[in-house]
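Since we're looking at a predicted model, the values are computed, not measured. All heavy atoms count here, side chains included; hydrogens, waters and symmetry mates do not. In what follows, chains carry the letters A, B, and so on, assigned in the order in which the sequence lines appear, proteins first and then strands, with residues in each chain numbered from 1.
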Protein chains: 2
Amino acid sequence: MKKETRQEEIVRIAARLFKEKGYSAVTMRDLASEMGIKAASLYNHINSKQDILDMIIITLAEAFTEGMKQIQSSPEDCIGKLKQIIELHVKLSSQNIYGMASLNNDWMHLKEKRDYYKKLRSNYEDDFRAILEEGIASGEIINQNPEVMMFSILTTLRSLYIWIPKKEDLNLMEFSTALNQILIKGINK
Amino acid sequence: MKKETRQEEIVRIAARLFKEKGYSAVTMRDLASEMGIKAASLYNHINSKQDILDMIIITLAEAFTEGMKQIQSSPEDCIGKLKQIIELHVKLSSQNIYGMASLNNDWMHLKEKRDYYKKLRSNYEDDFRAILEEGIASGEIINQNPEVMMFSILTTLRSLYIWIPKKEDLNLMEFSTALNQILIKGINK
DNA sequence: TGAGCAAACTAACAACTGTTAGTTTAATGT
DNA sequence: ACATTAAACTAACAGTTGTTAGTTTGCTCA
């Protein structure tokens, strides 16, 4: 486990502030103050405020893309793949609670990287939808609108970062299992 | 149908801009330009930028509170009440797509009204949770963690504003029914 | 016609924004 | 002991922010 660089520390603290107030409301002076230094000193380690946001969001978006690639190539059936997707979201969200907030709420403040991000996201959704459609075709899952199913599951998974920190005693594996039960099998007896 | 006041028009346009860029990133000059006037002129109709946000969020939060009160006093069983909750969210979200974005993403920029908003929200969640617990007790719904169930359903419902505008041909009643099926009964056969 | 008034305007403000240039500090390795 | 260097500092910039004060415009109705 190699030591965190000063730049990584800045990005980590920035992500926390971005989660609390949003990218636009966080000033470089806020960030510097949280680091215990002056705003100008930040620029010894990063190029711009924009760069910080880019790093937070793109790193995470690529991690989701990579995770989806692995799931696609797994031998599991559709329900099994959905379970893996849930586990992927629980894992990445719990490892990067603050970054997930930027990913969800501040992606529109990307500039050059914005189109790239949107491409990654829409590819991810296409892959997700394809898994559902495959499940419908094979009779594994109900013949409902796959768009609405994906919407329902994906918005829940994208909001995990809000809930995970509230449950300090949360067992991630148990949480993942409960989510799987609820999202796949529903809640009624 | 009485005509919209100039103030209501400003609040409506502001909500749209807040959805696109977030409260902090929208300037009074942006808003004025969208209204076709100068920034200073806005102040003939509103007291402050803060006031606009307050109006958008509190109006909606109170509408949800009111809706929940009605559902509580209905004679339906637990599953029936959940169905009504889904319909409430579909209705309020589709009527106020832009405001829902502020409610979800910009409530932290409230000032004096922030505690009031948080109170409304936590009361709403308490009422929601009580319905689920009642359903568990009566055996209507599965004996899973009610917190996780509520989280899953509520985050989906809170994100409706993202999806509704994408489906221009969306039939709200059909959408509501599909959501009900998926959230309550799950997606597997 | 002209008084009243809602709603626009211009001009300006003090504070705050991201960022730069140049300088000082303190620890490191030779 | 000294040169190097990472990382802090001070000072300043040009542009943007929400907002106020005072003025002008143009419609409504007596």
Which residues pass the salt bridge (Lys or Arg N to Asp or Glu O under 4.0 Å) test with B:Glu9, sequence neighbours left out?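 Counting only residues at least two positions away or on another chain, B:Glu9 forms a salt bridge (Lys or Arg N to Asp or Glu O under 4.0 Å) with B:Arg6.
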
Taking DNA chain C as the partner, which of residues 52-60 of chain B come within under 4.0 angstrom of it by heavy atom?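 When residues 52-60 of chain B is checked for heavy atoms under 4.0 Å from DNA chain C, there are no hits whatsoever.
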
Close residues, residues 101-114 of chain A, relative to DNA chain C [heavy-atom separation under 4.0 Å]: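 Heavy-atom cutoff 4.0 Å gives no residues at all.
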
Do the side chains of A:Val148 and B:Trp163 get nearer than 4.5 Å, heavy atoms only?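 Contact flag for B:Trp163/A:Val148 side chains = no.
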
Report yes or no: is the cationic atom of B:Lys119 (NZ for Lys, CZ for Arg) closer than 6.0 Å to the six-membered ring centre of B:Tyr124, at no more than 45° off its axis?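 No, B:Lys119 and B:Tyr124 do not form such a contact.
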
Does A:Arg114 make a cation-pi contact with A:Trp107, if we ask for NZ or CZ under 6.0 Å from the ring centre and within 45° of the axis?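 Ring-cation test returns no.
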
Looking at B:Asp127 and B:Lys69, is any side-chain nitrogen of the basic one under 4.0 Å from a carboxylate oxygen of the acidic one?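 The answer is no: the pair does not qualify as a salt bridge.
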
Any residue meeting side chain to side chain contact (heavy atoms under 4.5 Å, CB included) with A:Glu34, in chain and number order, not counting sequence neighbours: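 In terms of side chain to side chain contact (heavy atoms under 4.5 Å, CB included), with neighbours along the sequence ignored, A:Glu34 is linked to A:Ile13, A:Arg16, A:Leu17.
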
Any base atoms under 4.0 Å from B:Arg6, or only sugar-phosphate, or nothing? Heavy atoms, all strands.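 The residue B:Arg6 makes sugar-phosphate contact but no base contact.
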
Check DNA chain D against residues 35-50 of chain A and give the residues with a non-hydrogen atom under 4.0 Å, in numerical order.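 By residue number: A:Ile37, A:Lys38, A:Ala40, A:Ser41, A:Asn44, A:His45.
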
Have A:Thr155 and B:Thr155 got a donor and an acceptor in their side chains that come within less than 3.5 Å?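 Their side chains do not contain a donor-acceptor pair, so the 3.5 Å distance test is not met.
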
Quiz question: by atom type and distance under 3.5 Å, do the side chains of B:Tyr116 and B:Glu62 form a donor-acceptor pair?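 Yes, because at least one side-chain N or O of B:Tyr116 sits under 3.5 Å from a partner of the opposite role on B:Glu62.
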
Taking any atom under 4.0 angstrom from a heavy atom of chain A, which nucleotides of DNA chain C are the first and last to qualify, 5' to 3'?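 Contacts span C:dT17 to C:dA21, reading 5' to 3'.
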
